[in-house]
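The next block holds one structure in the form of structure tokens; read it before the comments.
Fair warning: this is a prediction, and the values are worked out from it, not measured in the lab. By convention in this document, chain letters (A, B, ...) are assigned in the order of the sequence lines, proteins followed by strands, and residues within each chain are numbered from 1.
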Number of protein chains: 2
Amino acid sequence: MSRWEPNARERLAKAALELYSERGYERTTVAEIAKQAGLTERTFFRHYADKREVLFDGSNHLQDLFVKAVGEAPPSAAPIDVVAAALEAVSEVFVDRRPFARKRQAVITANAELRERELIKLASLSAALTEALRLRGIAEPAASLTAEAGIAVFRVGFERWVAPGEERPMWPLMREALAALKAVTAGA
Amino acid sequence: MSRWEPNARERLAKAALELYSERGYERTTVAEIAKQAGLTERTFFRHYADKREVLFDGSNHLQDLFVKAVGEAPPSAAPIDVVAAALEAVSEVFVDRRPFARKRQAVITANAELRERELIKLASLSAALTEALRLRGIAEPAASLTAEAGIAVFRVGFERWVAPGEERPMWPLMREALAALKAVTAGA
DNA sequence: CTGTCGATGTCAGTAACTGTCATCAACGCT
DNA sequence: AGCGTTGATGACAGTTACTGACATCGACAG
């Protein structure tokens with residue numbers, strides 16, 4: 001018999017999302033989250049660096065997926081097609097996650113601090129993508145710009161995918177966004 | 001004779017940049033900044049919403065410049081050319097600001113909280129750009145993607161412009177970044 | 001049976017940020 | 001000249017995010 005209930009980290013993440021949804025991020029204290037999870041405030045900060053981070057536990061996983069997909073693309077593929085392949089691979093793991101994503105995104109969108117954190121996670125993703133593209137022999141600034149463009153497509157596609165009423169799967173939305181970007185940068 | 005020294009806001013911004021540069025952002029307290037400026041901590045928070053915002057006083061001005069330049073582009077110009085024109089206009093105002101920009105950027109790059117704030121300012125810029133493009137009749141998602149692409153170019157170009165040893169003016173660097181983006185999204 | 005380990009609790013402390021009230025030069029009005 | 005208002009600042013108390021240090025005690029290896 002264990003001394004404590006297992007899965008402290010997951011309990012904290014769940015409690016945080018619930019409370020942020022109900023009362024709003026700002027009117028929720030860390031002490032309340034910890035109490036809801038049957039823990040203390042100090043333990044919360046042992047699992048998450050700060051009050052925002054608890055909503056971004058999956059971002060490392062997402063980043064790994066992107067990098068892995070880039071690494072597995074055919075060697076001959078053009079940079080933009082590598083990114084497209086990564087977007088397709090990533091889209092798959094979001095199937096069945098839309099209800100959770102919507103709840104989480106509503107919380108993030110409602111608070112500036114959380115939007116900041118989301119942006120730096122996307123920037124980190126972009127940096128990892130840049131590095132993965134460079135490993136394929138793509139030079140700067142093409143690598144950075146391809147990565148930034150890919151993240152821009154991901155952002156726009158994701159926004160539409162979580163939008164209320166939207167029911168199409170993620171990949172077609174990403175493909176549309178990518179096509180729109182290509183059309184726009186083509187010049188006229 | 002005035003009751004207080006004038007330009008409290010500017011004094012605070014100057015003191016903050018100096019102290020952040022010398023000791024680092026985290027080891028500087030708001031009380032120290034205020035004291036250096038001959039004011040109190042409470043007054044600091046009357047001028048700036050938080051400890052980060054004091055480094056981003058100019059971002060509204062930059063945003064206005066972007067929007068204004070988009071509005072003044074020839075009506076027949078393609079979206080990407082409108083953004084290019086805006087980048088050129090914006091580049092002009094950075095002449096003579098490179099030493100200041102380098103000092104400020106060094107502080108921001110060294111701290112995650114400040115990078116977050118910088119990212120949300122760029123996101124706000126992107127949103128304003130999107131709106132300005134929509135006012136020209138450009139539909140979604142082309143407007144968003146053009147704006148995001150423009151900001152990506154600005155980011156890459158700016159990064160090179162502030163890099164140590166770089167002496168070329170801003171606009172050629174922006175032009176190069178834009179050309180690289182076009183090359184990359186063209187598909188190869 | 002015993003010693004180490006690891007997750008948690010407890011507690012004190014710092015600093016960012018906020019609400020509230022007081023102060024007092026400047027300024028306009030009579 | 002007198003006087004009420006205004007606006008920028010100071011003073012001060014309070015909340016809460018976050019950190020460091022030390023204590024606790026089941027699990028587990030030997």
Side-chain angles (χ1 to χ4, degrees), chain A residues 1-57 107-108 110-118 120-121, chain B residues 1-57 107-108 110-118 120-121:
Chain A
M1 173 91 114
S2 195
R3 191 171 170 196
W4 294 282
E5 293 297 312
N7 305 327
R9 192 179 175 87
E10 288 73 14
R11 271 152 49 214
L12 285 167
K14 186 176 177 183
L17 182 57
E18 290 305 319
L19 290 172
Y20 291 170
S21 283
E22 287 170 20
R23 314 187 193 176
Y25 170 80
E26 286 175 10
R27 276 166 304 173
T28 304
T29 69
V30 174
E32 288 168 348
I33 298 169
K35 186 174 183 182
Q36 175 102 355
L39 295 164
T40 64
E41 187 182 9
R42 190 64 183 89
T43 296
F44 177 95
F45 287 111
R46 287 202 179 93
H47 285 279
Y48 297 102
D50 57 48
K51 193 185 167 185
R52 296 160 285 285
E53 199 66 18
V54 67
L55 284 181
F56 296 88
D57 221 7
V107 170
I108 292 174
N111 180 268
E113 284 182 37
L114 293 172
R115 285 199 303 269
E116 286 188 341
R117 182 57 49 90
E118 183 182 39
I120 210 169
K121 294 297 182 186
Chain B
M1 175 92 118
S2 194
R3 190 171 169 195
W4 294 282
E5 293 297 313
N7 305 326
R9 194 180 174 88
E10 287 74 14
R11 270 152 50 214
L12 286 167
K14 186 177 179 184
L17 181 58
E18 290 305 319
L19 290 172
Y20 290 170
S21 283
E22 286 171 21
R23 313 188 194 176
Y25 170 80
E26 285 175 11
R27 277 167 303 175
T28 303
T29 68
V30 173
E32 288 168 347
I33 298 168
K35 186 174 183 181
Q36 175 103 354
L39 295 165
T40 64
E41 188 182 9
R42 190 63 184 89
T43 296
F44 177 95
F45 286 111
R46 288 201 179 94
H47 285 279
Y48 297 102
D50 57 48
K51 193 186 168 185
R52 296 160 284 289
E53 199 65 17
V54 66
L55 284 181
F56 296 88
D57 220 8
V107 171
I108 291 174
N111 180 269
E113 284 183 37
L114 292 172
R115 285 198 303 271
E116 286 187 341
R117 182 57 50 90
E118 183 181 39
I120 210 170
K121 294 297 181 183

Can you give one letter per nucleotide of nucleotides 15-21 of chain C, 5' to 3': B if a protein heavy atom sits under 4.0 Å from the base, S if only from the sugar-phosphate, - if neither?
-> -SBBBB-
Take atom CD of E113(B) and atom P of dA17(D), then tell me their distance rounded to the nearest Å.
-> 14 Å
Would you list the protein and nucleotides 28-30 of chain D atom pairs, both N or O, that sit under 3.5 Å from each other?
none

Can E22(B) and E18(B) be said to form a side-chain contact (heavy atoms from CB on, under 4.5 Å), step by step?
-> CA-CA 6 Å; E22(B) 286 171 21; E18(B) 290 305 319; 4.2 Å; yes
Report yes if a side-chain nitrogen or oxygen of T43(A) is closer than 4.0 Å to either non-bridging phosphate oxygen (OP1 or OP2) of dG9(C); otherwise report no.
-> yes
Contact check, side chains of Y20(B) and I108(B), non-hydrogen atoms, under 4.5 Å | no
Please identify each residue that fulfils side-chain contact (heavy atoms from CB on, under 4.5 Å) with A13(B), with sequence neighbours left out.
-> Y48(B), V54(B)
Could you check how far CZ of R117(A) sits from P of dA17(D), rounded to whole Å?
-> 14 Å
Compare the minimum distances between each of dT24(D), dA11(D), dT8(C) and the side chain of T40(B), then state the nucleotide with the smallest one.
-> dA11(D)
Who passes side chain to side chain donor-acceptor pair (under 3.5 Å) against Q36(A), sequence neighbours left out?
-> none
Residue pairs passing the salt bridge (charged side-chain N to carboxylate O under 4.0 Å, His left out) test where at least one lies in residues 45-54 of chain A, sequence neighbours excluded | D50(A)-R52(A), D50(A)-R117(A), R52(A)-E113(A), E53(A)-R117(A), E53(A)-K121(A)
Does N111(A) reach the main-chain N or O of L114(A) with its side chain, forming a donor-acceptor pair under 3.5 Å?
-> yes
Short side-chain N/O contact from H47(A) to OP1 or OP2 of dA7(C), under 4.0 Å | no
Could you tell me which non-hydrogen atom of A110(A) sits nearest to which non-hydrogen atom of R115(A), and how far apart they are?
-> C-NH1, 4.3 Å
How many Å lie between CD on E53(A) and P on dA17(D), as a whole number?
-> 16 Å
Go through the structure and list residues passing side-chain contact (heavy atoms from CB on, under 4.5 Å) with A37(B), not counting sequence neighbours.
-> R11(B), L12(B), A15(B), L39(B)
What nucleotide among dG6(C), dG7(D), dT8(C) has an atom nearest to a side-chain atom of W4(B)?
-> dG7(D)
